J.: 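Here it is, the structure in full.
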Amino acid sequence: MTNDIQQVLISEEQLQARISQLAEQISREYAGKDPIFVGVLKGVVMFFGDFVKRVTTHCQIDFMWISSYHGTDSTGSMIVKRDVSENIKGRHVVILEDIFDTGNSLDFTYKHLLSKEPASLKICTLLDKPERRNPNVTLQPDYTGFVIPNAFVVGYGLDFNEHYRNLPYVGVLKPEAYEK
Ligand code: IMP
Ligand code: MG
């Protein structure tokens with residue numbers, strides 16, 4: 001499996017160091033606010049676990065699962081497959097995501113959660129690929145782990161055809177791996 005990786009873009013050590021910084025910053029900014037961290041499945045799993053265990057303020061966790069609905073048009077509208085279970089009205093919510101790419105899925109998630117009237121709503125993404133942004137998406141992440149170039153990455157939760165999520169680092173696949 002690791003033979004399929006052409007280049008390690010972000011090592012395990014780099015991921016852990018940056019996630020510690022993010023958790024420290026967010027713990028400071030949300031101290032006493034009892035925030036709810038909402039993870040967007042499935043890509044966020046690794047980041048989510050490593051992040052929340054370093055948060056030092058009182059907090060809660062929740063999860064959402066969204067998926068693109070491929071109907072007759074190819075615009076890929078989104079549906080909520082699994083909604084948050086907590087009542088987030090009046091609460092301070094931080095969305096955690098694996099990657100901000102075109103921004104379409106976070107735009108959808110953000111609007112969905114905003115309609116539930118949280119006291120505040122922010123976005124924390126591990127990776128940001130600004131070159132790929134849909135020009136209609138004006139939303140920006142409030143907290144970013146790493147800005148990466150326009151390459152398809154796998155590992156640390158991110159998949160290609162549901163594989164490679166278990167790698168402890170973020171890497172770029174060899175071209176021949178796409179044929180598997
Ligand atoms: P969006 O394009 O910002 O809506 O991102 C949608 C989803 O596509 C992300 O949450 C990821 O699950 C997936 N995605 C985007 N870029 C990559 C990548 O480079 N590798 C793996 N998954 C990706
Ligand atoms: Mg995702």
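When a ligand or atom number is given, it counts from 1 through the structure's own listing order. Since the structure is predicted, the reported quantities are computational estimates derived from the model, not experimental observations.
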J.: Can D128 and R133 be counted as an ion pair, charged N to O under 4.0 angstrom?
T.: yes
J.: Tell me, please: is D98 in heavy-atom contact with ligand 1, that is, under 4.0 Å?
T.: yes
J.: State, without any angle test, whether Q16 and D50 hold a side-chain donor-acceptor pair at a distance under 3.5 Å.
T.: yes
J.: Please work out, at 4.0 Å between heavy atoms, whether the side chain, the backbone, both, or neither of E97 comes within that distance of ligand 1.
T.: side chain
J.: Between atom CG of N104 and atom CZ of R132, what is the distance when rounded to the nearest 0.5 Å?
T.: 9.0 Å
J.: Pull out every atom of ligand 1 sitting under 4.0 Å from any heavy atom of K129, numbered as shown with elements.
T.: 16 (N), 17 (C), 18 (C), 19 (O)
J.: Is ligand 1 less than 4.0 angstrom away from at least one heavy atom of A151?
T.: yes
J.: Would you mind finding which of G43, S105, S67 brings a heavy atom closest to atom 4 (O) of ligand 1?
T.: S105
J.: Which of the numbered atoms in ligand 1 are below 4.0 angstrom from a heavy atom of N104?
T.: 3 (O), 4 (O)
J.: Taking only non-hydrogen atoms of V153, do any sit less than 4.0 angstrom from ligand 1?
T.: yes
J.: Following the transitive rule for hydrophobic clusters with a side-chain heavy-atom cut-off under 4.5 Å over Ile, Leu, Val, Met, Phe, Trp and Tyr, establish whether L139 and L114 coincide in one cluster.
T.: yes
J.: Closest by any non-hydrogen atom to atom 18 (C) of ligand 1: pick that one out of F108, F152, Y164, F160.
T.: F152
J.: With a 3.5 Å cut-off and no angle check, do the side chains of R18 and Q21 form a donor-acceptor pair?
T.: yes
J.: Distance under 4.0 Å to a non-hydrogen atom of T102: what atoms of ligand 1 satisfy this?
T.: 1 (P), 2 (O), 3 (O), 4 (O)
J.: From atom 22 (N) of ligand 1, work out which of V170, V172, L158, V40 has a heavy atom at the shortest distance.
T.: L158
J.: Contact between ligand 1 and K42 is defined here as a heavy atom of the residue under 4.0 Å from a ligand atom; is it met?
T.: no
J.: Specify the closest pair of heavy atoms between I5 and Y169, including all atoms of both residues, with the distance to one decimal.
T.: CG1-OH, 3.7 Å
J.: Is it true that F37 and F48 have ring centroids separated by less than 6.0 Å?
T.: no
J.: Applying the side-chain contact (heavy atoms from CB on, under 4.5 Å) test to F108, which of I79, V80, V137 qualifies?
T.: V80
